Student: 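Input: one structure, supplied below.
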Amino acid sequence: MNRKEYRAQVDAVSFSPDFQARTLARLTALAQEEKEKHTMKKGKFKIGLVAAVAAAALTLTAAAAVILLEPRDVALQAGNTALAAAFENDQAVAVNDTKTVGDYSVTLMGLVSGEGLSQVESLPGGVTRDKTYAVLAYQRTDGTPIQEDVPDLTVSPLVEGYAPWALNAWTLGGGTYTFAQDGTLYYLFECDNVEPFADHTVYLAVYPGTHIPPSAELFDFDQASGLITPKGDAAMFSLPLDKAKADPQKARALAEDHLQPQPEESPAPVVDPADQDVTTVIFTQDPDHPGQIIPTNN
């Protein structure tokens, strides 16, 4: 039996929600009874046996839990060996923060940006230091396996100080790669490098809906403070960015096309012929040079 078949059979074992607590309580009670009935030597043996049974029970429940892939594995599944290597270097950030959004438990596993990508940008896969990559894992809170690879959630970076509808996954060139494996949906997200905004609080927001841009119906934005607050159910992962990598000038360059009103094209001026000075030129034969014409003013 291979590892995958073994995991499938173990995952198929069903336990009641309080199985672990009841088992430990019962085994502890049995250990106490054995200690009272037997000598110290025999008691130690019995307690050791009970402890071994308890350890086996805990091992079984742990084996039944879903073991998530690593970010590098998700990148490899996407066919990007350079990104997989980037998630292994010391510039990658492991987050492993979990929040609940509707019927989903969402884990932000890790991210890598900028300098962390420059070390591997020459490898096959197509990464540059001007990108941020993040890996998330979705699981249903009721334990139902996820089979489809199209999520019912939207992911977008948001930056305090900038309106969500002006600076988001759409304006920062966002892209995704998703797949489902062992009942978990893995979500590889990429966008323009968000490190230039590191002197602000940068979020990776996850909210209900499939590819729905942030809007005033989904988020509140306080122009005075720059605070962004979700109006409904949403997870706001604060990204652990190095503030030393902030680049306000580049941040403005990234945002200015989306924060400033687009100039309207001025219509071509309309000139009234009556307001124009018109000069009429009449051509006539040159009497001194037959066959040639010369202009003659009226």
Side-chain angles (χ1 to χ4, degrees), residues 11 17 64-71 73-75 77-78 87 92-113 132-192 194 197 200-222 226-241:
D11 288 344
V66 175
I67 301 174
L68 294 179
L69 298 176
E70 296 292 332
D73 301 322
V74 177
Q77 177 72 22
F87 274 116
V93 179
V95 181
N96 295 318
D97 185 16
T98 301
K99 300 181 185 295
T100 300
V101 184
D103 297 330
Y104 294 92
S105 176
V106 181
T107 300
L108 174 57
M109 301 170 67
L111 67 150
V112 63
S113 302
T132 288
Y133 293 88
V135 174
L136 302 99
Y138 299 170
Q139 295 174 311
R140 289 198 176 95
T141 54
D142 63 2
T144 304
I146 300 177
Q147 305 295 341
E148 70 278 5
D149 63 355
V150 178
D152 297 326
L153 300 174
T154 297
V155 175
S156 178
L158 301 177
V159 181
E160 282 194 353
Y162 299 87
W165 39 92
L167 197 66
N168 51 55
W170 280 259
T171 60
L172 291 175
T176 65
Y177 177 86
T178 64
F179 66 95
Q181 181 172 315
D182 296 333
T184 299
L185 177 69
Y186 293 95
Y187 195 105
L188 175 60
F189 175 82
E190 72 168 87
C191 67
D192 293 336
V194 296
F197 300 97
H200 294 65
T201 300
V202 181
Y203 297 105
L204 197 62
V206 183
Y207 52 93
T210 303
H211 302 306
I212 298 177
S215 65
E217 287 72 33
L218 296 170
F219 295 92
D220 272 326
F221 176 63
D222 186 329
L227 292 177
I228 299 172
T229 308
K231 289 185 175 180
D233 193 12
M236 301 283 282
F237 293 98
S238 180
L239 300 185
L241 302 176

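Just so you know, these numbers come straight off a predicted model, no measurement behind them.
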Student: What I'd like to find out is whether the side chain of Y186 reaches to under 4.5 Å of the side chain of Q181, using heavy atoms alone.
Tutor: yes

Student: If you round to the nearest 0.5 Å, how far is CG of D220 from NZ of K231?
Tutor: 4.5 Å

Student: Indicate the atoms forming the closest heavy-atom contact of F219 with A205, along with that distance.
Tutor: CZ-CB, 4.3 Å

Student: For Y187 together with F179, are the ring centres under 6.0 Å from each other?
Tutor: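 No, too far apart.
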
Student: Kindly indicate whether the side chain of F189, heavy atoms from C-beta on, has any atom under 4.5 Å from the side chain of P157.
Tutor: yes

Student: If you measure from CG on L158 to CD1 on I228, what distance do you get to the nearest 0.5 Å?
Tutor: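 Result: 5.0 Å between the selected atoms.
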
Student: Does the side chain of L111 come within less than 4.5 Å of L241's, by heavy atoms?
Tutor: yes

Student: Please check: side-chain N/O of T210 versus main-chain N/O of P151, any donor-acceptor pairing under 3.5 Å?
Tutor: yes

Student: Would you call D103 and R140 a salt bridge, taking side-chain N to carboxylate O under 4.0 Å as the test?
Tutor: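 Not counted as a salt bridge, because no side-chain N and carboxylate O are separated by less than 4.0 Å.
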
Student: Please report the interatomic distance CG(D149) to OG1(T176), rounded to the nearest 0.5 Å.
Tutor: 10.0 Å

Student: So which of L185, D182, D152 actually passes side chain to side chain contact (heavy atoms under 4.5 Å, CB included) with I146?
Tutor: L185

Student: Are the side chain of T171 and the backbone of A166 linked by a donor-acceptor contact shorter than 3.5 Å?
Tutor: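 Answer holds: yes.
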
Student: What distance do L239 atom CG and T201 atom OG1 have between them, rounded to the nearest 0.5 Å?
Tutor: 10.0 Å

Student: Would you say that V106 contacts K99 through its side chain, given a criterion of any heavy-atom pair below 4.5 Å between the two side chains?
Tutor: no

Student: To the nearest 0.5 Å, what is the distance between OH on Y207 and CD1 on I212?
Tutor: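 These two atoms lie 7.0 Å from each other.
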
Student: Please find the pair of heavy atoms, one from Y138 and one from T184, that lie closest to each other, and give the distance.
Tutor: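 Reported closest heavy-atom pair: O-CG2, 3.3 Å.
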
Student: Rounded to the nearest 0.5 Å, what's the gap from CG on L188 to OG1 on T178? Could you check?
Tutor: 9.5 Å

Student: Can you give me the closest heavy-atom contact between Q147 and P145, atom names plus distance?
Tutor: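 Closest pair (atom of Q147, atom of P145, distance): NE2-CB, 3.5 Å.
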
Student: Could you tell me whether the side chain of S156 and the main chain of A169 form a donor-acceptor pair under 3.5 Å?
Tutor: yes

Student: Looking only at heavy atoms, what is the nearest atom pair of P164 and F221, with distance?
Tutor: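 Taking every non-hydrogen atom into account, CD-CB, 3.8 Å.
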
Student: Is any side-chain heavy atom of V155 closer than 4.5 Å to one of L204?
Tutor: yes

Student: Go through Y203 and E160 one step at a time and tell me if the side-chain hydrogen bond (donor to acceptor under 3.5 Å, both in side chains) criterion holds.
Tutor: CA-CA 8 Å; Y203 297 105; E160 282 194 353; 2.8 Å; yes

Student: Would Q139 and S105 count as a side-chain hydrogen bond (donor to acceptor under 3.5 Å, both in side chains) if you check the C-alpha gap in whole Å, the side-chain angles of each, and the deciding distance to 0.1 Å?
Tutor: CA-CA 5 Å; Q139 295 174 311; S105 176; 5.0 Å; no

Student: Can the ring centroids of F197 and Y162 be said to lie less than 6.0 angstrom from one another?
Tutor: yes

Student: Closest approach of V93 and P240, non-hydrogen atoms and distance?
Tutor: CG1-CG, 3.5 Å

Student: Is there a side-chain contact (heavy atoms from CB on, under 4.5 Å) between T132 and E190? Walk through the geometry before answering.
Tutor: CA-CA 6 Å; T132 288; E190 72 168 87; over 6 Å; no

Student: Heavy atoms only: give me the nearest F87-A75 pair and the separation to one decimal.
Tutor: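 Of all heavy-atom pairs spanning F87 and A75, the closest is CD1-CB, 4.4 Å.
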
Student: Check the pair Y177 / Q77 against side-chain contact (heavy atoms from CB on, under 4.5 Å), numbers first and verdict last.
Tutor: CA-CA 9 Å; Y177 177 86; Q77 177 72 22; 4.0 Å; yes

Student: Kindly determine whether L153 and V101 satisfy side-chain contact (heavy atoms from CB on, under 4.5 Å), including the steps that lead there.
Tutor: CA-CA 9 Å; L153 300 174; V101 184; 3.9 Å; yes

